[in-house]
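Heads up: the structure comes next, in C-alpha cells.
Counting from 1, the numbers follow the sequence of the chain as shown.
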Amino acid sequence: MANFYTDHPEIKFNLESSPLMQRIVELKENGYADKDSFDYAPEDYADAIDSYNRVLEVAGDITANTIFPNSEDVDAEGPHCEDGRVRYASKTYENLEATRKAGLNGVTMPRRFGGLNFPITAYTAINEMIASADAGFENIWSLQDCIETLYEFGDEDQRSRFIPRVCAGETMSMDLTEPDAGSDLQRVMLKATYSEEDKCWYLNGVKRFITNGDSDIHLVLARSEEGTHDGRGLSMFIYDKRDGGVNVRRIENKLGIHGSPTCELVYKNAKAELCGRRKFGLIKYVMALMNGARLGIAAQSVGISQMAYNEALAYAKDRKQFGQAIVNFPAVYEMISNIKARLDAGRALLYQTARYVDIYKGLEDIERTRKLTDEEKAELKLYQKLASACTPLAKGMNSEYANQNSYDCIQVHGGSGYMLEYACQRLYRDARITSIYEGTTQLQTVAALPHITTGTYSQMLEELEAGEVAAEYESLKARAKAMDAKFNEAIEVVKAANNNEFTDLCSRHLYELAANCVMSQLMLRDATKAPELFEKSMKVYLNLAEAEVAKHYNFVKSVNVEAMESYRKA
C-alpha cells in the first residue's frame with residue numbers, strides 16, 4: 001500500500017539528519033515537562049522523534065490513499081457558493097474527516113489546548129505530503145497555522161477559546177487583501193469600529209482573494225484608527241463565524257487549486273475582537289502571519305515538485321517509443337534528473353529554514369514564562385536573522401521550481417500531458433499560483449535584499465563551506481566555492497555603483513545567485529551524509545547551479561548604471 005512518507009525517505013532524512021533537531025526538541029518540550037500530564041508526550045529525544053515518525057506515517061497513508069485518489073474529482077467539481085456560504089467539493093469533506101480522525105490538526109499547538117506540540121519542521125513534512133496529494137486541499141488544511149499568530153499575540157482567554165477548536169478540526173483563514181489593496185496592505189480600508197455600548201468591535205467592508213474565506217475562525221486586518229491611511233492605523237482582529245455578519249459574495253473562478261475556495265467577503269457589522277495591541281496589525285502581526293504562510297507555500301511547492309517527479313518518472317518508464325521506454329532517451333532522462341535535482345535542493349532549503357524558525361520560536365515561547373539568559377538572547381537573535389533570510393529564498397525558489405518542474409512533467413508526457421485525464425496538467429495549473437500568492441517572487445527578492453547587502457548569506461556560505469564533505473566530493477566542493485566567490489564579487493559590484501535603481505535592477509540576479517549557492521552547499525552536505533539518496537541529485541544540481549550563477553553573475557558584471565536606460569524604455 002502506498003505511503004507518501006515511507007515511499008519518500010528524503011523527507012525522513014530532512015526530519016532527522018540535522019544536529020539542530022536535538023535543540024529544537026529540547027526547546028519544544030521544555031524539559032519534557034508534559035510527560036507526567038499527557039500520556040502521548042515524549043519522555044526524551046528518541047521518544048519525540050519516534051512520535052513524529054509515527055504521526056508522519058499516518059499522514060503518509062492518508063495522503064496516498066485518501067487525499068490523492070480524491071484529487072481529480074475535487075479539481076473537477078470545485079467548491080460552490082450557496083446563499084452566502086461555501087460548500088466544498090464533496091470529496092473535500094472526506095479529506096477533512098480523514099485528517100480530523102487522524103488528529104492532524106493543531107499540529108504545532110501545546111498539548112494543554114489539545115495540540116500535538118510538534119515542531120514546525122515536523123508540521124512542514126505533513127504539509128508537503130498533503131500538497132503532493134492535492135495542493136488545493138493543502139490550502140484548506142494548512143491554514144491551521146494561522147493559529148500560531150493567535151497563540152503568539154492573543155491573550156490567554158483567546159487562546160483557551162479558539163486554539164482547542166482548531167485542534168479539534170475547525171478551519172481558519174487570514175483575511176488581508178482587498179479590491180484596492182493586494183501586495184500594498186497599507187491601503188487596507190476594511191473599517192473596525194469599537195462600540196462602547198456593546199464592548200466589542202464591528203467590522204464593515206469587503207475582502208477579496210481570501211483563501212478558504214468561509215472558514216470557522218478568521219484573522220482579519222482592519223483599519224481601527226479613524227482618519228489614517230497607512231499601516232500605522234491597522235489592527236488585527238479575530239472573527240468567529242458563529243457570530244455571523246460575514247457573507248461570501250462569490251468564489252473566484254481560478255486557473256488551478258480548484259479545491260480551495262478563494263472568496264470575496266462582505267462584512268456587515270461583523271462582531272470581532274482585537275488580537276494583540278491596536279495599530280500593530282500590519283507592522284508586527286501580519287509580518288509574522290505572512291512569514292508562516294510563506295514557509296507553508298514553500299512546502300506546498302515542494303509537494304507539487306515531488307508529484308511532478310513521480311508522474312514524469314512513472315510515465316517515462318511506461319511509455320514506449322521506437323522500441324524502448326522513453327526514460328532511456330537522454331533528452332527525457334535529463335529533464336527528469338533536473339526535476340529531481342531541483343526537488344532535492346529546494347527541499348533541503350525548505351527544511352533548513354523550518355529548523356531556523358523552530359529554534360527562534362521555541363526560545364520566544366520560553367520567554368513568555370521566564371527571562372532568557374544572555375546566551376539564549378543571542379541564540380534567539382541569530383536564528384531570527386537566519387529565518388528572516390532563508391524564508392524568502394525558500395518560498396521564492398521553491399515556487400519557481402514547482403512551476404518549472406510541472407512544466408517539464410508535461411513535456412515528458414508529450415501530447416498526453418495536455419489531456420485532462422493526466423494529473424500533470426493539474427499540477428501545472430496548481431503550481432502557477434505559488435510564485436504569486438503570499439508575496440510574489442519579486443517581493444521575496446525585496447525581502448532578501450537586505451540580507452544580501454549586509455552579508456547574511458555570505459556568512460551562511462562561509463559556514464557551510466567549512467563543513468566536511470566526502471573525499472570524493474572535494475572537486476565538487478571547489479566548484480561550489482567558486483560560485484560563492486562570484487556571488488560575493490557581484491555584491492561588491494552593486495555596492496560600488498552606489499545607485500539604488502541599479503541595485504533594484506540587479507536584485508533578482510543577486511537573489512538567485514544567493515539561492516543557487518546556498519542550495520549547492522546544502523546538497524553537498526546532504527550527499528556526504530546520505531549519498532544513496534542525494535549523490536546523483538547533488539551532481540546534477542551543481543551543473544544547473546553553475547549555469548545559473550554564470551548567467552546572473554554576467555548580468556551584474558555587464559549591465560552598468562548607464563545601461564539601465566534600455567530597461568526603462570522596454
Side-chain angles (χ1 to χ4, degrees), residues 107-108 119-121 123-128 130-131 135 138-139 141-149 152 172-177 182-185 209-212 219 221 236 257 260 262 282-305 346-361 383-403 430-452 456-457 507-508 511-512 514-515 518-519:
V107 174
T108 63
I120 288 166
T121 304
Y123 168 78
T124 296
I126 303 173
N127 205 4
E128 174 195 336
I130 291 178
E138 184 269 350
N139 271 352
W141 178 87
S142 70
L143 276 165
Q144 65 175 275
D145 67 8
C146 292
I147 205 66
E148 288 274 351
T149 299
E152 191 171 348
M172 293 195 74
S173 64
M174 50 180 180
D175 303 3
L176 307 180
T177 57
S183 297
D184 186 8
L185 290 175
F209 294 156
I210 305 306
T211 302
N212 201 35
L219 293 182
L221 184 65
M236 181 72 75
I257 53 170
S260 165
T262 302
L282 180 60
I283 297 168
K284 188 172 184 179
Y285 306 151
V286 168
M287 292 302 101
L289 191 63
M290 290 291 283
N291 280 336
R294 286 168 179 171
L295 190 64
I297 301 307
Q300 182 184 59
S301 300
V302 170
I304 292 171
S305 288
R347 181 182 275 136
L349 178 58
L350 167 66
Y351 285 92
Q352 186 78 352
T353 307
R355 289 188 284 266
Y356 291 155
V357 172
D358 265 326
I359 291 180
Y360 94 75
K361 281 192 171 290
Y383 284 100
Q384 275 181 325
K385 181 177 76 171
L386 290 171
S388 174
C390 286
T391 297
L393 290 191
K395 194 278 182 184
M397 293 304 295
N398 275 301
S399 63
E400 294 291 339
Y401 283 173
N403 277 275
D430 288 352
R432 190 61 193 90
I433 190 61
T434 61
S435 57
I436 299 172
Y437 62 7
E438 311 307 345
T440 63
T441 306
Q442 289 71 26
L443 284 177
Q444 303 312 308
T445 299
V446 171
L449 187 59
H451 294 287
I452 294 170
T456 304
Y457 300 122
S507 61
R508 176 67 182 267
Y511 171 88
E512 298 216 17
V518 168
M519 284 187 281

When rounded to the nearest 0.5 Å, the distance separating CD1 of I210 from OG1 of T177 is 4.0 Å
Between S142 and N127, the two heavy atoms sitting closest are CB-OD1, 3.4 Å
Would you say that L295 contacts L350 through its side chain, given a criterion of any heavy-atom pair below 4.5 Å between the two side chains? yes
TODO: Decide whether N139 and Q300 meet the rule of one side-chain donor and one side-chain acceptor closer than 3.5 Å.
DONE: yes
Residue set satisfying side chain to side chain donor-acceptor pair (under 3.5 Å) with Y360, at least two apart, ordered chain then number -> none
T124 and A354 have their tightest heavy-atom pair at OG1-CB, 4.0 Å
For G296 and E138, the nearest pair of non-hydrogen atoms, with its separation, is O-OE2, 3.7 Å
Minimal heavy-atom distance between Y356 and C390, with the atoms involved, is CE1-SG, 3.7 Å
Side chains of E438 and M174: does their closest heavy-atom pair fall under 4.5 Å?
-> yes
So does A389 get a backbone contact from the side chain of Y457, meaning a donor-acceptor N/O pair under 3.5 Å? yes
Rounded to the nearest 0.5 angstrom, the CG-CE distance for N398 and M519 is 7.0 Å
What I'd like to find out is whether the side chain of L289 reaches to under 4.5 Å of the side chain of L176, using heavy atoms alone. yes
Taking every heavy atom of H451 against every heavy atom of A447, the minimum-distance pair comes out as CD2-O, 3.8 Å
request  = Report the C-alpha separation of N212 and M172 in whole Å, then their side-chain angles, then the decisive distance to 0.1 Å, and conclude whether the side-chain contact (heavy atoms from CB on, under 4.5 Å) test is met.
outcome  = CA-CA 7 Å; N212 201 35; M172 293 195 74; over 6 Å; no
Notebook entry, point to check: Any donor and acceptor pair, going by atom type alone, linking the side chain of K395 with main-chain N or O of G439 inside 3.5 Å?
Noted result: yes
Quiz item: Is any side-chain heavy atom of R355 less than 4.5 Å from a side-chain heavy atom of I120?
Solution: no
- Task: List the steps and the verdict of side-chain contact (heavy atoms from CB on, under 4.5 Å) for Y401 and R347.
- Result: CA-CA 11 Å; Y401 283 173; R347 181 182 275 136; over 6 Å; no
Measure the shortest side-chain to side-chain distance between S399 and T441 over non-hydrogen atoms and say whether it is less than 4.5 angstrom. yes
Worksheet item: Would you say T434's side chain and A431's backbone share a donor-acceptor pair under 3.5 angstrom?
Response: yes
Rounded to the nearest 0.5 Å, the CG atom of D430 sits from the CG atom of N403 at a distance of 10.5 Å
* What class does the angle between the rings of Y123 and W141 fall in, given that below 30° is parallel, 30 to 60° is tilted and above 60° is perpendicular? -> parallel
In short, S301 meets A402 closest at the heavy-atom pair O-CB, 3.6 Å
Which of T353, T108, D358 passes side chain to side chain donor-acceptor pair (under 3.5 Å) with T121? Answer is D358
Taken to the nearest 0.5 Å, the spacing of I436 CD1 from Q442 CD works out to 9.0 Å
Q | Residue pair Q352 / V518, side-chain heavy-atom distance below 4.5 Å | A | no
query: Can you find a heavy atom in the side chain of E400 that is under 4.5 Å from one in the side chain of E512?
result: no
Report task. Answer whether the closest heavy-atom distance between the side chains of M397 and Y511 falls below 4.5 Å. Result -> yes
d(T262 OG1, I257 CD1) to nearest 0.5 Å is 5.0 Å
Value for CD (Q444) from CD1 (I297), rounded to nearest 0.5 Å, stands at 10.0 Å
